Amino acid sequence: MINIVFAARPEKFHLYEAHLKRCLSHKGIAANLTTACAPEDVDYLIYAPDSTIQDLTPYTRCKAVLSLWAGVETFVGNETLTQPLCRMVDSGLRQGMTEWVTGHTLRYHLGMDQHIVNPGQIWDEAHPPLAQDRPVTILGLGALGEACGTALSLLGFPVTGWSRTAKDVAGITCYHGPEGLGHALATAQILILLLPDTPQTENVLNSETLAQMPKGSVIINPGRGPLIDDKALISALKQGHISAACLDVFRVEPLPQDHPYWTLPNVTVTPHIASGTRAATAAEVVVSNIARGEQGLPFLHLVDRAARY
Ligand code: NAP
């Protein structure tokens, strides 16, 4: 019998408990699944970076910390964390992000806003271009970026992607590394940010890189707030170099009430809802990793501590 502690916020336990028990039973794993246990007896921690447990030192027997979040930037540098850390790669999270990104990309591509709110009753018969004439770029070609890029490519958009290491993804023109960024930005009429927040990605969108984008481009950021130099983006929005932005994530959340993003007419603020971990599918991922740990197999979705994602 192994001890598994659900160490995300306790009020979330009821969402996960039945799914975790179903998956454990399916895998034939005898486990005590609980929200509290003596630290030295814990075999696995199902974790969220906003957990009340921040000192991992007493968890001497713990074989892995299994995050329910995809983004681990607030936890990956925790010096008490000596156990393997796995991040969340969940089909529900991926599907939700694909829907959100595709929805907002189509919204800007089709110019939907001008008809949804049209107090001047403007009758403009101009047709939007077809997807094939709207190049889209995704910064970050990981679990989420690749899924979104593939969906947009299947809709007909010419999709360019950028990652840290070289990639080969069907339907996506791939660039990587610092030298690839300029190529990825040069055609980005719609730019989607799906990078993790690391020291290397902070302010990846700044006055210099914004200037490399075509005039009138749109930015969609469901990645993380620190990816954007906010002052530079606000300036580019005011000057019209960037025509609109849809921002789901911010340096400070909730976004402070006096933040300029709330009032800029060409900015949409969404409250970090682009996609969330879904308990039913996430439980399968977590339990699969526990099963691997029990069989002595390497864990899936391990965080690279040096790269910090
Ligand atoms: P992932 O699988 O780790 O993918 C990250 C991608 O970013 C990879 O392609 C990686 O390159 C690339 N990357 C990292 N550092 C880079 C650098 N310095 N230069 C260029 N590319 C770099 O992550 P994911 O699961 O797709 O999630 C991405 C992010 O989405 C998360 O970290 C989180 O912040 C955010 N997120 C937001 C929400 C929301 O609701 N708004 C929900 C879930 C996740 P390689 O492929 O070469 O490693």
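What you see is a predicted model, and the numbers here were worked out from it, not measured in a lab. Residue numbers run from 1 in the order of the sequence given.
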task = Among residues two or more places apart or on two chains, list those pairs meeting ring pair (Phe, Tyr, Trp, His ring centres under 6.0 Å) that have a residue in residues 134-153.
result = none

Atom CD of Glu208 with >12 non-hydrogen neighbours under 6.0 angstrom = no

Residue pairs involving residues 191-236 (criterion ring pair (Phe, Tyr, Trp, His ring centres under 6.0 Å); sequence neighbours excluded) = none

inquiry  = Parallel, tilted or perpendicular, judged at 30° and 60°: which one describes the rings of Phe157 and His109?
reply    = perpendicular

Val249 and Asn221, any side-chain heavy atoms less than 4.5 Å apart = yes

task = Identify whether Phe6 and Leu24 are in the same connected component of the hydrophobic contact network (ILVMFWY, side-chain heavy atoms under 4.5 Å).
result = yes

query = Which other residues end up in the same hydrophobic cluster as Tyr59, if Ile, Leu, Val, Met, Phe, Trp and Tyr are linked when side-chain heavy atoms come under 4.5 Å apart?
reply = Val5, Val42, Leu45, Tyr47, Ile53, Leu56, Val65, Val72, Phe75, Val76, Leu81, Leu85, Val303

task = Using a 4.5 Å cut-off on heavy atoms from C-beta on, say whether the side chain of Thr105 contacts that of Ile220.
result = yes

query = Once you round to the nearest 0.5 Å, how far does CD1 of Ile190 lie from CG of Leu152?
reply = 8.5 Å

task = Determine, using the 4.5 Å side-chain heavy-atom cutoff (strictly less than), whether Leu20 and Leu66 are members of one ILVMFWY cluster.
result = yes

Tell me which donor-acceptor pairs under 3.5 Å the side chains of residues 161-184 have, and how far apart each pair is, sequence neighbours excluded?
unit_1: Trp162; atom_1: NE1; unit_2: Gly177; atom_2: O; d: 2.7
unit_1: Ser163; atom_1: OG; unit_2: Thr165; atom_2: O; d: 2.6
unit_1: Arg164; atom_1: NE; unit_2: Tyr309; atom_2: OH; d: 2.8
unit_1: Arg164; atom_1: NH2; unit_2: Tyr309; atom_2: OH; d: 3.2

ask   = Are side-chain heavy atoms of Ile4 and Thr34 found at a separation under 4.5 Å?
value = no

inquiry  = A side-chain contact here means heavy atoms from C-beta on lying under 4.5 Å apart; do Tyr44 and Glu294 qualify?
reply    = yes

task = Answer whether the closest heavy-atom distance between the side chains of Thr160 and Ile138 falls below 4.5 Å.
result = no

Leu93 and Thr281: CA distance, side-chain angles, deciding distance, side-chain contact (heavy atoms from CB on, under 4.5 Å) verdict = CA-CA 9 Å; Leu93 188 62; Thr281 42; over 6 Å; no

request  = Could you tell me how the ring of Tyr108 sits relative to the ring of His104: parallel (under 30°), tilted (30 to 60°) or perpendicular (over 60°)?
outcome  = tilted

query = Hey, is Arg224 close enough to Glu73 for a salt bridge, meaning N to O under 4.0 Å?
reply = yes

request  = Please test His19 against Val287 for side-chain contact (heavy atoms from CB on, under 4.5 Å), starting from the C-alpha separation and ending with a verdict.
outcome  = CA-CA 10 Å; His19 294 298; Val287 172; over 6 Å; no

ask   = Cluster partners of Leu154, using ILVMFWY side-chain heavy atoms under 4.5 angstrom, listed by chain and number?
value = none

inquiry  = Would you say that Ser207 contacts Ser235 through its side chain, given a criterion of any heavy-atom pair below 4.5 Å between the two side chains?
reply    = no

message = Show, in sequence, the C-alpha distance, side-chain angles and deciding distance for Asn3 and Asn32, and conclude whether the side chain to side chain donor-acceptor pair (under 3.5 Å) test is met.
response = CA-CA 5 Å; Asn3 290 316; Asn32 167 37; 3.0 Å; yes

ask   = Are Val204 and Leu194 joined in one hydrophobic group, where the rule is that I, L, V, M, F, W and Y side chains link up if heavy atoms are under 4.5 Å apart?
value = no

inquiry  = Tell me whether the count of non-hydrogen atoms from other residues, nucleotides or ligands lying under 6.0 Å of NE2 in His115 goes above 12.
reply    = yes

task = Could you check Asp229, Leu237, Ile219 and say which one makes a side chain to side chain contact (heavy atoms under 4.5 Å, CB included) with Leu210?
result = Ile219

ask   = What do the steps show when you test Arg87 against Trp69 for side-chain contact (heavy atoms from CB on, under 4.5 Å), and what is the final call?
value = CA-CA 6 Å; Arg87 51 183 219 91; Trp69 294 11; over 6 Å; no

task = State, without any angle test, whether Gln121 and Trp123 hold a side-chain donor-acceptor pair at a distance under 3.5 Å.
result = no

Sub-4.5 Å side-chain heavy-atom contact between Pro84 and Phe299 = yes

From CA spacing to verdict: side-chain contact (heavy atoms from CB on, under 4.5 Å), Arg292, Lys63 = CA-CA 11 Å; Arg292 292 178 72 87; Lys63 295 169 210 161; over 6 Å; no

query = Would you say Leu191 and Val136 make side-chain contact, with heavy atoms under 4.5 Å?
reply = no

query = Do Phe13 and Met88 share a hydrophobic cluster (ILVMFWY, side-chain heavy atoms under 4.5 Å, transitive)?
reply = yes

request  = May I ask you to check whether over 12 heavy atoms, not counting those of Glu79, lie within 6.0 Å of atom CD?
outcome  = no

inquiry  = Applying side-chain hydrogen bond (donor to acceptor under 3.5 Å, both in side chains), can you list everything that pairs with Glu202, at least two apart in sequence or on another chain?
reply    = Arg251

key: Short side-chain donor-acceptor distance under 3.5 Å, Arg107 and Thr268   = yes

message = Can a donor-acceptor pair be found, under 3.5 Å and without considering hydrogens, that links the side chain of Ser217 to the backbone of Met213?
response = no

ask   = Do Val159 and Leu193 share a hydrophobic cluster (ILVMFWY, side-chain heavy atoms under 4.5 Å, transitive)?
value = no

